[in-house]
Amino acid sequence: MAAFHGIWLMAEVDHWNNEKECIVLITDKSLLICKYDFVMFNCEQIRRVPLNIVDRITQGTFSFPKYSLLRREGVGVRVFWDRLREPSFVSRWNPFTTDFPYITFTHHPVRNISDSFNANCDVMNFLELLKNASQKAHTVKPVPGKANGVMVLNQPILIEAYVGLMSAIGNQNKLGYSMARGNIGF
């Protein structure tokens, strides 16, 4: 049984700049990303990324292409696990695809409510623990035919989105978060 190293409440930023609330867990062997509905108290989706295939972690401010109408403040962490595979053209332009060899996290909006929330939403603390756990997983179970180890880079995180009316509306109204909205829940 794998031990837990940490649990964080984060906001996932997808390739179209949409925010989604998630719970992120780091174990000895895996990074678990859980889409949890805090209103209905159920887990809607779990993604598992083995730590021994994580090959690069990037931290930095968000950036967009030169002619993009979108903007995002703050810092994030992007975790890559398949250096050789680039997303296809169709995947890049499909707002619903999850076929990317990386995932991007940023601070959850509740982080400034209290010190305990701040500790559970801190992406820099998450980065350090993820880096250490990934290095250990590479040592324990190396991937044959692959350079083992994790490269940590400090550079801007590019979101290749140009016009995102849905992300602007969704992020402004917090549609990616579990909130009570009268008779409607997201």
Side-chain angles (χ1 to χ4, degrees), residues 1-15 18-60 62 74-87 91 96-155 157 159 176-178 186:
M1 176 139 159
F4 283 104
H5 294 288
I7 300 173
W8 287 268
L9 180 60
M10 302 277 217
E12 176 189 342
V13 180
D14 72 5
H15 62 291
N18 295 308
E19 287 182 15
K20 295 178 211 138
E21 181 175 50
C22 60
I23 297 174
V24 182
L25 300 97
I26 298 176
T27 69
D28 286 335
K29 299 177 183 179
S30 301
L31 175 67
L32 300 170
I33 303 107
C34 305
K35 171 68 173 123
Y36 189 81
D37 185 344
F38 290 97
V39 175
M40 301 302 290
F41 301 115
N42 67 342
C43 185
E44 296 176 352
Q45 177 189 24
I46 297 177
R47 285 187 286 173
R48 180 183 167 273
V49 178
L51 289 177
N52 66 329
I53 67 169
V54 171
D55 50 29
R56 186 175 58 194
I57 303 171
T58 302
Q59 70 160 1
F62 292 102
V75 296
V77 171
R78 182 171 281 172
V79 182
F80 295 87
W81 55 83
D82 192 354
R83 185 177 296 166
L84 301 176
R85 184 172 63 93
E86 286 291 320
S91 292
F96 304 109
T97 190
T98 58
D99 183 31
F100 277 83
Y102 61 82
I103 189 163
T104 307
F105 299 108
T106 190
H107 298 287
H108 193 282
V110 299
R111 75 173 181 189
N112 295 324
I113 289 177
S114 71
D115 289 339
S116 63
F117 275 117
N118 194 11
N120 290 333
C121 300
D122 185 16
V123 293
M124 293 306 137
N125 184 15
F126 166 75
L127 170 69
E128 282 302 313
L129 215 58
L130 178 63
K131 179 181 74 169
N132 295 336
S134 296
Q135 292 286 20
K136 187 175 180 181
H138 279 282
T139 305
V140 172
K141 188 178 179 185
V143 178
K146 186 175 179 182
N148 287 292
V150 178
M151 184 171 33
V152 179
L153 303 171
N154 188 358
Q155 64 186 30
I157 297 174
I159 299 176
Y177 296 88
S178 298
F186 292 91

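Please read all numbers here as calculations on a predicted model, not as lab measurements.
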Quick one: does any side-chain atom of [X] pair with a main-chain N or O of [Y] as donor and acceptor, under 3.5 Å?
X      : Y      : result
Asn132 : Glu128 : yes
His5   : Leu130 : no
His108 : Ala11  : no

Exercise: identify the closest heavy-atom pair between [X] and [Y]:
X      : Y      : answer
Leu51  : Ile26  : CD1-CG2, 4.2 Å
Ile157 : Val77  : CD1-N, 3.7 Å
Phe62  : Phe105 : CZ-O, 4.3 Å
Lys141 : Asn52  : O-ND2, 3.0 Å
Leu153 : Arg56  : CD1-CD, 3.7 Å
Trp81  : Asp55  : C-OD2, 3.8 Å

Rounded distance (nearest 0.5 Å) linking atom [atom1] of [X] with atom [atom2] of [Y]:
X     : Y      : atom1 : atom2 : value
Leu32 : Cys22  : CG    : SG    : 11.5 Å
Thr58 : Gln155 : OG1   : CD    : 5.0 Å
Glu21 : Asp37  : CD    : CG    : 8.5 Å

Look at Glu12 together with Arg47 and state whether they make a salt bridge at an N to O cut-off of under 4.0 Å.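 Looking at Arg47 together with Glu12, the answer is yes, because their closest N to O distance falls below 4.0 Å.
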
How about [X] and [Y]: do any of their side-chain heavy atoms sit closer than 4.5 Å?
X      : Y      : answer
Val49  : Ile103 : no
Trp8   : Leu129 : yes
Arg111 : Asp122 : no

Would you indicate whether Asp115, at its atom CG, is surrounded by more than 12 heavy atoms from other residues, nucleotides or ligands within a distance under 6.0 Å? no

Let me know which of Leu9, Asn112, Thr106, Ile113 forms a side chain to side chain contact (heavy atoms under 4.5 Å, CB included) with Cys121. Leu9

Would you check, one step at a time, whether the test side chain to side chain contact (heavy atoms under 4.5 Å, CB included) holds for Val75 with Gln59? CA-CA 7 Å; Val75 296; Gln59 70 160 1; over 6 Å; no

Test Leu31 against Val24 for side chain to side chain contact (heavy atoms under 4.5 Å, CB included), laying out the working first. CA-CA 7 Å; Leu31 175 67; Val24 182; 3.5 Å; yes

Candidate pair Phe100 and Asp14, rule side chain to side chain contact (heavy atoms under 4.5 Å, CB included), full reasoning: CA-CA 10 Å; Phe100 277 83; Asp14 72 5; over 6 Å; no

Show your working on side chain to side chain contact (heavy atoms under 4.5 Å, CB included) between Ile159 and Val13 and close with a plain yes or no. CA-CA 9 Å; Ile159 299 176; Val13 180; 3.6 Å; yes

